[in-house]
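The analysis underlying the following values was restricted to heavy atoms, covering all of them including side chains, and did not include hydrogens, waters or symmetry mates. Both ligands and their constituent atoms are indexed starting at 1 by order of listing.
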Amino acid sequence: IKPDPAVIVIFGASGDLTARKVVPALYNLFLDDYLPAQYSIVGVSRTPFNDDEFRTHLRSGVEKFSRRGTPKEKEWSAFAGNVHYLQAEYNDPSLYQKLLELDETSWSTPPNLIFYLATPPNLFPEIISQLGNFDLLRGDSRYRIVIEKPFGHDLKSAQKLNQELTQVFREHQIYRIDHYLGKETVQNILAFRFGNAVWEPIWNRNFIDHIQITVAEQIGIGRRGGYYESAGALRDMMQNHLLQLLCFMAMEPPTSFDADEIRNKKVDVMHAIRLISREEVPRFAVRGQYGGGLVEGESVPSYRAETGVRASSNTETFAALKLFIDNWRWQGVPFYLRTGKRMPARVSEISLQFRPVPHHPFSHLNTQLFQPNRLVIQIEPNEGIVLRTLAKEPGLGMKLKQVDMQYCYHDVFKTPSPDAYETLLVDILRDDPGLFMRADQVEAAWRVLDPILEVWRSNQELNFPNYQPGQWGPPEAEHLIAQDRRTWLPPV
Ligand code: BG6
């Protein structure tokens with residue numbers, strides 16, 4: 001079913017996010033016939049563009065960043081005909097007057113009016129409060145606001161942002177994007193866990209030894225030094241993407257696919273995460289920063305030498321955590337999370353390490369070498385699921401070998417996965433907030449990280465940089481897990 005007619009207003013329309021993600025996704029939705037029969041896209045920013053210049057700017061973004069590459073002339077013109085531009089200052093009340101007038105169309109039904117804030121976060125309060133001058137927005141789900149992280153930089157600032165938002169909009173009108181939730185392989189965790197009967201009985205402390213979540217990137221910070229300096233890996237990745245993955249892995253089975261049912265089950269997990277005391281931080285959290293060096297024969301700068309980064313910066317580009325979830329299902333099962341830039345590979349993967357067999361009958365073999373079963377959910381770049389098992393190697397006598405039972409999206413489904421932003425934009429158009437972060441989830445995540453951030457802020461005597469590009473973080477990351485007599489599992 002096509003979504004109802006919509007006007008999509010993008011604030012920050014000349015910026016990176018609009019060109020790289022939002023518009024390429026909208027264009028792909030247009031090609032696949034998922035956009036409403038009647039729609040318009042209105043870009044707002046301070047850059048002086050006219051409609052045509054704006055369209056040309058967006059087109060080059062689509063060429064570079066769309067999974068489909070260069071648009072065809074006819075199709076692009078049909079899409080771009082519905083794209084317009086408004087040059088304005090965000091604090092100018094007449095801008096908002098004009099935007100509200102977009103509501104008055106000659107279309108068959110009054111459109112949904114979607115305000116997408118693709119601006120730096122320091123502009124959120126101004127835009128939200130200007131929109132707050134229009135009483136009619138409040139509570140009417142025809143009006144929606146979309147915001148991108150960072151949702152604050154700690155619990156207090158996140159609460160403030162949530163207050164600002166809820167003074168103008170009701171929670172059901174607010175769409176906080178965590179693009180990881182739009183990824184096919186992440187949504188598949190729900191299908192895998194709750195569409196199959198075999199996993200649920202073993203998905204708990206009785207069978208699982210521990211869980212590892214790795215989101216590693218090979219790239220450095222690139223041109224985003226300015227933003228990253230105020231964020232760091234904990235805020236940039238852990239607060240949102242990794243904790244959301246943890247929630248999908250650890251949540252109780254939902255009774256329906258209703259947006260709030262899913263989000264309730266997830267927030268229950270977040271609330272059950274044991275808070276780390278300040279004294280415990282060194283044993284439960286590790287930070288690192290990459291140095292410069294050679295990566296595949298090419299010299300790359302250290303983080304401190306990147307553009308927009310202070311030469312004495314103590315911002316972390318790597319973070320690892322050990323967390324416990326205090327409930328019946330997960331009591332005593334550690335969750336090890338790590339994320340970093342300039343790692344050996346780009347890989348996002350979740351590993352469930354099962355307990356070893358209680359007794360090996362193969363006493364003539366060196367059973368020490370046998371790894372317990374491991375289930376791996378591959379999020380990217382490989383997309384699939386792998387179950388590591390032992391099998392008899394063909395031949396005379398009993399010899400065991402580790403083999404993988406697996407399925408890979410590429411082989412099974414053949415069709416390419418939509419980009420996360422396509423999935424999320426369709427959900428916004430259809431008014432389905434299930435894959436978006438609710439205020440309580442955001443605040444609960446900050447509650448977990450705040451003590452770590454505080455301790456890290458107060459201790460600035462660091463040996464940064466403490467890992468080489470192409471390493472899995474600093475040696476302390478190994479100690480974090482080795483103290484429990486475990487190791488980080490190499491990607492499959
Ligand atoms: C973003 C972070 O949210 O996610 C970036 O701000 C990071 O620092 C990116 O590079 C990773 O996303 P993906 O989809 O490429 O894994």
Side-chain angles (χ1 to χ4, degrees), residues 12 15-22 24-25 28 64-67 116-121 146-153 158 175-189 213-246 248 287-290 300 303 306-309 313 315-319 337-350 377-383 409 416-425 435-437 441-442 445-446 449 469 473 491:
D16 239 29
L17 179 64
T18 307
R20 275 174 183 266
K21 296 288 183 189
V22 183
N28 282 338
K64 268 196 237 146
F65 303 116
S66 169
R67 64 187 166 89
Y116 196 124
L117 273 52
T119 64
V146 184
I147 62 168
E148 290 268 350
K149 76 171 180 45
F151 309 120
H153 51 88
Y175 285 76
R176 295 178 193 79
I177 289 200
D178 180 326
H179 78 282
Y180 262 62
L181 299 180
K183 290 183 191 273
E184 280 296 322
T185 41
V186 173
Q187 293 173 67
N188 187 45
I189 298 173
I213 303 179
T214 295
V215 178
E217 293 177 283
Q218 237 175 341
I219 50 168
I221 200 59
R223 294 188 298 128
R224 297 169 72 226
Y227 151 74
Y228 201 82
E229 272 292 86
S230 64
L234 209 61
R235 292 189 174 96
D236 184 47
M237 300 291 288
M238 201 64 95
Q239 194 271 346
N240 35 78
H241 309 324
L242 279 90
L243 284 180
Q244 289 297 315
L245 294 177
L246 177 142
F248 268 23
R287 58 181 152 164
Q289 189 191 73
Y290 62 80
V300 298
Y303 175 71
E306 302 273 21
T307 315
V309 174
S313 171
T315 301
E316 81 283 358
T317 58
F318 173 92
L337 281 60
R338 64 176 169 169
T339 181
K341 309 264 183 212
R342 290 265 185 250
M343 304 270 100
R346 171 172 177 253
V347 55
S348 298
E349 212 174 81
I350 305 175
I377 299 177
Q378 298 175 300
I379 292 167
E380 63 191 7
N382 297 334
E383 299 179 311
Y409 269 57
S417 299
D419 184 77
Y421 274 82
E422 294 169 36
T423 304
L424 296 174
L425 281 161
L435 291 177
F436 296 80
M437 312 251 277
Q441 293 179 337
V442 173
W446 282 119
L449 298 187

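Here the options are I379, T339, L243, L337, the test is side-chain contact (heavy atoms from CB on, under 4.5 Å), and the partner is I213; only L337 passes.
Within 4.0 Å of ligand 1, protein heavy atoms belong to K149, H179, Y180, K183, E217, R224, D236, M237, H241, K341, E380, listed by chain and number.
Between Y421 and H179, the ring planes are parallel. Angles under 30° get that label, and only those over 60° would be called perpendicular. A parallel orientation is assigned to the rings of H241 and Y180, their planes being inclined by less than 30° (bins at 30° and 60°).
Under the 3.5 Å distance criterion, with hydrogens and angles disregarded, a donor-acceptor pair is assigned to the side chains of N28 and E422. The closest side-chain donor-acceptor pair between T315 and E229 falls under 3.5 angstrom.
Under the 6.0 Å distance and 45° angle rule, K149 does not count as a cation-pi partner of F151.
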